[in-house]
Structure formats: structure tokens, C-alpha cells
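Single-structure report; data block below.
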Amino acid sequence: MSERPVLLPYADPAFLADPFPLYRELREEGPVRRVVLAGGLDAWLVTRYEDALAALSDPRLSSDVRDASDPRLLAQLPQTERESMLSNMLRSDPPDHTRLRRLVSKAFTARRVAGMRPRIQAVTDGLLDAVVPAGRADLVADFALPLPVTVIGELLGVPVDDRHEFQRWTDRMTMRGAEPPDMAVVNEAWQHMRAYVTDLIRAKRAHPGDDLLSGLITARDEEQRLNEDELIAMVFLLLAAGYITTVNLISGGIAMLLAHPGQLDLLRADPELLDGAIEEFLRYDGPVNPGIARFAREDIEIAGVSVPSGATVLIASAVADRDPARFPDPDRLDVTRRDNAHLAFGHGIHYCLGAPLARLEGHIAIGTALRRLPGLALAVDPDEIRWRPGALRGPLSLPVTFEPGG
């Protein structure tokens, strides 16, 4: 295995459009490869399925960026919001993670998610009603983006009049479409969002409603409750996990079908395949790319490769989910695939709590779009589609045409 780190060229449009040839090469070279990420950060990329599965449950690998030896990782977080951002489940380890997840689970129940189905369907139909007469749309800006924004806004109890600003701040916080990010813009957006969320929490405490944020405020486990920073951090996490990744799942799933017309025909002919198709979209080209960062608490060995204490370990679910040792013919999109234990939602104690909601939104959005947009086709050459840079993967726009309706 070569010792020289391999640059992951996230500023290269060709790589963003299709990173999988390079990923395949890295996986074939070895189970753990040193790579260089944006900003010159070093990481150890875990490329194979069984190793990634084990690493996701390895207690020697921390989720807390404060365990990283490279100070630039912590410096990437807005200084004024650092404590809040480090107080969420995604960036914490047991026992803090155990406490946080138990409290959040009390509010973010399966019943709450299932109860959102009629409203998600209504929002989906309303968005499509607006574009169907024209026979053309950008399925990101007109559909995949406003749907999760509306859903997460309603889930958290964000007033309708505030949701445009909510989305604008979120886009700036994550620098949607920008590489490299402008940290001054990111910091300003974080400060606006924190001030807004703080006021919203205050209002919900005074007048709780039947929404997730009110549920998080009142959730308790014996004498334990979420503190202010933890509440704010949970809202930020829901925005990243419940909004941006769902945008990418919906738009990316439709883009995959348009690039594979045979699979689109199969799905139109048998809508019962849709549940399995959502899992295949997540495996084949999921919304998190290449994977999940962890930090070595000590000198460890992964798949026979020595990784030093403090190193960033990038558990590459996007690479592992195309490992031929686990998935037959992994580079083929197959909506009929049955054995599909992908890692797109993680594994172990950090398995995505919002996975049922993401699946529900993806199922309703994609299924309804295929039913209501006959003749759906790309309005541009596939090479013209721009893909989001960074760790959250999806098309920035998806211009399409279809048969106009009433």
C-alpha cells in the first residue's frame, strides 16, 4: 500500500459528478488509505464494508472532535457557537451520548413520525401542483428543497413566516454550493440561527405546543433534562440531518432514475418496489459522502494498518457500500436488490435517529413525483448537472421536463 496520501479533489467538478472510480481504486489498493481532505486535512479512509461496520462500533474511535490531534478541525467550528455544536448526539460519546439519545428518543417517537405522513403527502402534492402545468421544473429548488424545509419547520414548530429565513441561515451555515466555505459568512449565519432558536425555545417554554421542540424541552429521564446548549445543538443537528440530507436523498434518487431509464421503467411498472428502491438509492449514491468521521483515542490498528492516536478516521460508507465482497455487482443500480444492509445511516449507537423520517419523506416525494410527472426527463445534458461539494452529496439543481397537466 502506498504511503503517500491521496488527495480527494472536492473542488473538481468531474470528481463531484462521479467520485466512485477513485473510491474503487482506493478500496482495491487497501482497506485503509491515507487521504487529504479539503483544507489539507489528513485522514485514514476505511474503504471496505466489514472494516467500516466494525469501525462504526469501535469504542476506541471517538465522535468528539476534541479528541482530534489536528487543531484545524476544531477551528472549523464557529468559535462563538462551538460549545453548542459539540453538545449534540452526533459529536458525543457515552455516557453523554447515551443520555442525550435517550432524552431525544422520548420526544422523537415512531408515532410522531408516522403521524406526519398525511401532512408530508399534502405538502408534496402542493409543490407538484405548482409545477405540473408548466411541464418543466428544477426538482431541487421547486420540490426537493422546500419539502424537507417545510417538514422540519413544522416538526420543530417554526412559524410559517420564519421558514424562509430559517432556510437561508441553514444554507449559509452549511455553505450550500460553496467550496471552500467563507467562515465569516458561516459564523454570521450561526449567530443569527442561535439567537432565533434561543428565542424560539423561550417561547415554547412559555407556551408549549404539539411539536418536537416542545417535546424536547419537556422530555426528562428521571431528573435529567436537556440543557440550553443541548437543545440548541439538537435543533442544529435536525437541520443538517433532517433537512439537507433529505433534499439530497430526494433529488439524488430522482437523478439516479433519470440516469438509469430501465430502473425507472421497473419502478413505474411496479410501485411496490419503491421501499427497496429507497434503500438502493442510499446504498448506490447516498447523501453523505464519503462517510463519517471518527477520531482515534489511542494508537490502534484497523484492518492491519496502524493508525496513530488523534488521527481522523473517515469511515467511508459510500465506498464500503460498493464493496463487491458484500454487494454483488455493486456498481449497478438495482431497485429490485433485496439484501441491502447499507451503511448510509451509520451503525451502532450512532445509527441515525431520523432514518424513519428520511425514508418516509423519500418514499412519498419520489413515488408521488413518478406518478404525477409522466414523461419525466432531464432538461439538460447530464454533464451540466452540478453536484454539491463537501461531505453532503446531491445535485445543486435538477432541471427536468415532463408532460404538462392541469
Side-chain angles (χ1 to χ4, degrees), residues 18-24 26-28 31-32 45-58 61 63 90 113 144 240-242 244-257 259-260 263 266-267 272-294 302-303 313-367 387-388 391-395:
D18 185 9
F20 293 99
L22 177 57
Y23 289 163
R24 185 184 315 118
L26 294 174
R27 188 179 57 242
E28 290 171 353
V32 181
L45 191 78
V46 181
T47 64
R48 299 180 185 175
Y49 183 90
E50 289 301 326
D51 300 320
L53 191 69
L56 286 168
S57 297
D58 192 331
L61 294 174
S63 297
L90 196 65
V113 171
I244 302 164
T245 54
T246 307
V247 174
N248 293 345
L249 170 59
I250 295 168
S251 58
I254 295 173
M256 287 177 234
L257 290 173
H260 298 84
Q263 299 298 299
L266 277 175
L267 204 50
E272 294 296 316
L273 294 174
L274 187 53
D275 280 343
I278 296 295
E279 303 308 310
E280 181 68 346
F281 301 151
L282 290 162
R283 181 202 69 83
Y284 182 80
D285 194 357
V288 178
N289 186 290
I292 302 162
R294 295 284 189 269
I302 301 176
V313 177
L314 196 52
I315 304 169
S317 54
V319 187
D321 280 342
R322 292 208 188 187
D323 185 349
R326 177 60 183 83
F327 300 100
D329 201 4
D331 292 320
R332 180 171 67 91
L333 182 73
D334 179 6
V335 298
T336 69
R337 194 182 296 270
R338 289 290 176 263
D339 181 14
N340 206 344
H342 59 76
L343 301 177
F345 287 128
H347 174 72
I349 64 170
H350 284 282
Y351 184 81
C352 179
L353 194 64
L357 179 59
R359 286 184 167 112
L360 179 60
E361 288 186 72
H363 186 285
I364 292 173
I366 295 174
W387 291 80
R388 180 190 184 105
L392 298 175
R393 175 168 169 77

Query raised in the report: At what distance, to the nearest 0.5 angstrom, does CD1 of Ile315 lie from CG of Leu343?
Result: 9.5 Å
Query raised in the report: Within 45° of the ring axis of Phe327 and under 6.0 Å from its six-membered ring centre, is that where the NZ or CZ of Arg283 lies?
Result: yes
Query raised in the report: Does NZ or CZ of Arg322 lie under 6.0 Å from the centre of the six-membered ring of Phe20, at an angle within 45° of the ring axis?
Result: yes
Query - Worked verdict on Ile292 versus Leu314 for side chain to side chain contact (heavy atoms under 4.5 Å, CB included) - result: CA-CA 6 Å; Ile292 302 162; Leu314 196 52; 6.0 Å; no
Query raised in the report: Who passes side-chain hydrogen bond (donor to acceptor under 3.5 Å, both in side chains) against Asp275, sequence neighbours left out?
Result: His363
**Report entry** Results of side-chain contact (heavy atoms from CB on, under 4.5 Å) for Ala365 - residues two or more places apart only
**Finding:** Phe143, Leu147, Ile250
Report task. Taking all heavy atoms of Ala316 and all of Leu45, pick out the closest pair and write down the distance. Result -> CB-CD1, 3.7 Å
Report task. For residues Tyr284 and Gln263, determine if any side-chain heavy atom of one lies less than 4.5 Å from a side-chain heavy atom of the other. Result -> no
Query raised in the report: Would you find a donor on one side and an acceptor on the other, under 3.5 Å apart, between the side chain of Glu280 and the backbone of Val335?
Result: no
Query raised in the report: Can you find a pair of side-chain heavy atoms, one from Arg27 and one from Pro324, that are under 4.5 Å apart?
Result: yes
**Report entry** Taking every non-hydrogen atom, the tightest pair across Asp285 and Met256
**Finding:** O-CE, 3.2 Å
Query raised in the report: Do Asp323 side-chain atoms and Tyr49 backbone N/O form a donor-acceptor pair below 3.5 Å?
Result: yes
Query raised in the report: Does any non-hydrogen side-chain atom of Val113 lie less than 4.5 Å from one of Leu360?
Result: yes
Query raised in the report: Taking C-beta and beyond as the side chain, do Leu56 and Tyr351 meet within less than 4.5 Å on heavy atoms?
Result: no
**Report entry** Heavy-atom closest pair, residues Ala52 and Ala320
**Finding:** CB-CB, 3.9 Å
Query raised in the report: Are the charged groups of Arg294 and Asp58 less than 4.0 angstrom apart, N to O?
Result: no
**Report entry** Backbone of Pro328 reached by a side-chain donor or acceptor of Arg337 within 3.5 Å
**Finding:** yes
Report task. Kindly indicate, with the supporting measurements, whether the criterion side chain to side chain contact (heavy atoms under 4.5 Å, CB included) is fulfilled by Val319 and Leu26. Result -> CA-CA 9 Å; Val319 187; Leu26 294 174; 5.9 Å; no
**Report entry** Tyr23 vs Asn289 side-chain heavy atoms within contact, under 4.5 Å
**Finding:** yes
Report task. Answer yes or no: is there a side-chain heavy-atom contact under 4.5 Å between Pro287 and Leu282? Result -> yes
Query raised in the report: Do Thr47 side-chain atoms and Val32 backbone N/O form a donor-acceptor pair below 3.5 Å?
Result: no
Requested in this report: Calculate, to the nearest 0.5 Å, the distance between atoms CZ and CD belonging to Arg359 and Glu279 respectively.
Outcome: 4.0 Å
Report task. Measure the CG-CG distance between Asp321 and Asn340 for me, rounded to the nearest 0.5 Å. Result -> 8.0 Å
Query - Inter-residue atom distance Asp51.CG - Ile302.CD1, 0.5 Å rounding - result: 8.5 Å
Query raised in the report: Within the side chain of Arg326, is there an N or O that forms a donor-acceptor pair under 3.5 Å with the backbone of His342?
Result: no
Query raised in the report: How far apart are the closest heavy atoms of Arg393 and Gly286, and which atoms are they?
Result: CB-O, 3.9 Å
Query - Closest non-hydrogen atom pair, Val288 against Ala318 - result: O-CB, 4.2 Å
Query raised in the report: Given side chains that start at C-beta, do those of Leu333 and Phe281 come closer than 4.5 Å, heavy atoms only?
Result: yes
Query raised in the report: Between Thr336 and Leu266, is any pair of side-chain heavy atoms under 4.5 Å apart?
Result: yes
